[in-house]
2 protein chains.
Amino acid sequence: MTLAEKAYVSLRKDIVEGCFAPESPLRLADLSERYGMGFSPLREALNRLQAERLVTAESLRGFRVSAQSLAEFEDALQARLLIETEALRQSMAKGDDAWEASVVAALYALRLQTRRQGGDVDELKLRHHTFHRALLAACGSDWLLDFFERLYAATERYRIPALLSAGPQKRDIDAEHGAIADAVLARDTPRAEALLRDHYLRTAEAIRSGMAPA
Amino acid sequence: MTLAEKAYVSLRKDIVEGCFAPESPLRLADLSERYGMGFSPLREALNRLQAERLVTAESLRGFRVSAQSLAEFEDALQARLLIETEALRQSMAKGDDAWEASVVAALYALRLQTRRQGGDVDELKLRHHTFHRALLAACGSDWLLDFFERLYAATERYRIPALLSAGPQKRDIDAEHGAIADAVLARDTPRAEALLRDHYLRTAEAIRSGMAPA
DNA sequence: AATTCTATAATTTTCGAAGATTATTATTGT
DNA sequence: ACAATAATAATCTTCGAAAATTATAGAATT
């Protein structure tokens, strides 16, 4: 793996996880020290992230972490619902036994981690992402999966602060995931879509309530 | 405008227009001579284009123009229909007078160019793009517009070869655009969607028939 | 003749410095 | 004191060379 690739992975992770505040400048000298590499690989990574809308660039003024706002989040949420319901529909229409098995496996692994007290939160986020991608993986469309990844990263930035300041968890998220998986495996498309939709709308509600109206 | 931005614009244009064959390697020494700049700005542009899926990169083996295939095209087409019908619906629901005026203006400018004998084909492509974007511009979703731009570029690569080898034009494309604009301005959502859909499906048919099944 | 090994060449990737631009501070004048 | 200007510093951008890797060609071996 080249330095530019490492820079991309590290920067992306740190931005999505909120290590840098939104709109804060990403100065090359700082990044160079933080990640232990020269300017070139960092600039390449920043350019990739710019195309993904995680950072913004202004000519001769460098890069910044993209801004966050409630409007931006609502936009990403709506786009997610559009993309994911369609991808889920197609995935359920086309998925084979191996796909079903991967959904079961992802759900199982996710549950193990949610129930593990004091478990690694990074691992939990990874397994959550894996489960949601597994649901859509058989849709057969590279473009839809690409958009899913973009939107997942964009909304993850909002989800994480909400998770950390999570008050009394009124939701049984394991149960929600389980219900979605059940409907998916039963090939009950309308129910699966409705459950997935509810799942996201509830998360959105939690994020809205925990977010200052910017 | 920085050199890296110029490199991005030039490279993107040349790739979309097919100046480089699909899968052909994009060697830095060649590009450096072609565009008259050093490696750094070129690599930055290539990284951005990689994130847009117009080029692919392999560690330590450089960049290539993305491959083309019928399957890829069909995938992009389906994604386009999903994104654009939704964006059109919202645009028609939210668009104000200024938006309507911009649609009329874009259609007018497009017609002028299609009727101009021996006109600049670059200008025609630009106005075509402008018209289709104008239709969606009022949708209010940055994400949907972003996806539209991605998919437009991805499918443009297929459309251009088909246009050049255009046989007897059985279609009256001006009329198709006009009909779409009429339905849009009349706020007849179902009709507008159907017409836009037909418009793309006809273009797709033309491309399929002009393309070796890869 | 085919295969492995070696030497060479071509290419990508990275660094460090120079050039160019923007931001900040100091200075001057009113 | 305030505004405008100049000097300074900080930062981004670009280049050219060095380092690292991959591809190619030729020689040696089986």
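Here is how names work: the chains are called A, B, and so on, in the same order as the sequence lines, proteins then strands, and each is numbered from 1.
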Give a yes/no answer on whether the side chain of B:Arg43 brings an N or O atom under 4.0 Å of OP1 or OP2 in C:dT13.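 Yes, such a contact exists.
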Does C:dA23 have its OP1 or OP2 closer than 4.0 Å to a side-chain nitrogen or oxygen of A:Arg61?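 Yes, within the criterion.
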Residues [X], [Y]: salt bridge by 4.0 Å N-O rule:
| X | Y | value |
| --- | --- | --- |
| A:Glu58 | A:Arg64 | no |
| B:Arg115 | B:Asp174 | yes |
| B:Glu17 | B:Arg157 | no |
| A:Glu123 | A:Arg116 | no |
| A:Glu86 | A:Arg89 | yes |

Rounding to a whole Å, what distance do you find between [X]:[atom1] and [N]:[atom2]?
| X | N | atom1 | atom2 | result |
| --- | --- | --- | --- | --- |
| B:Met37 | D:dG16 | CE | P | 13 Å |
| B:Leu26 | C:dT13 | CG | P | 12 Å |
| B:Glu58 | C:dT13 | CD | C1' | 15 Å |
| B:Lys6 | D:dT13 | NZ | C1' | 12 Å |
| A:Glu44 | D:dT14 | CD | C1' | 13 Å |
| A:Tyr8 | C:dT14 | OH | C1' | 20 Å |
| B:Asn47 | C:dT12 | CG | P | 13 Å |
| B:Arg64 | C:dT12 | CZ | C1' | 13 Å |

Quick check on DNA chain C: between A:Thr2 and A:Phe39, whose nearest nucleotide comes earlier from the 5' end? A:Thr2
Quick check: on DNA chain C, is the nucleotide nearest A:Ser59 upstream (toward 5') of the one nearest A:Leu3, or the reverse? Name the residue that is more 5'. A:Leu3
Among [options], the nucleotide that comes nearest once only the side chain of [X] is considered:
| X | options | result |
| --- | --- | --- |
| A:Leu28 | C:dT12, D:dC12, C:dC15 | D:dC12 |
| A:Leu60 | C:dT14, D:dT11, C:dT21 | C:dT21 |
| B:Ala4 | C:dA23, D:dT14, D:dA23 | D:dT14 |
| B:Arg27 | C:dT11, D:dC12, C:dC15 | C:dT11 |

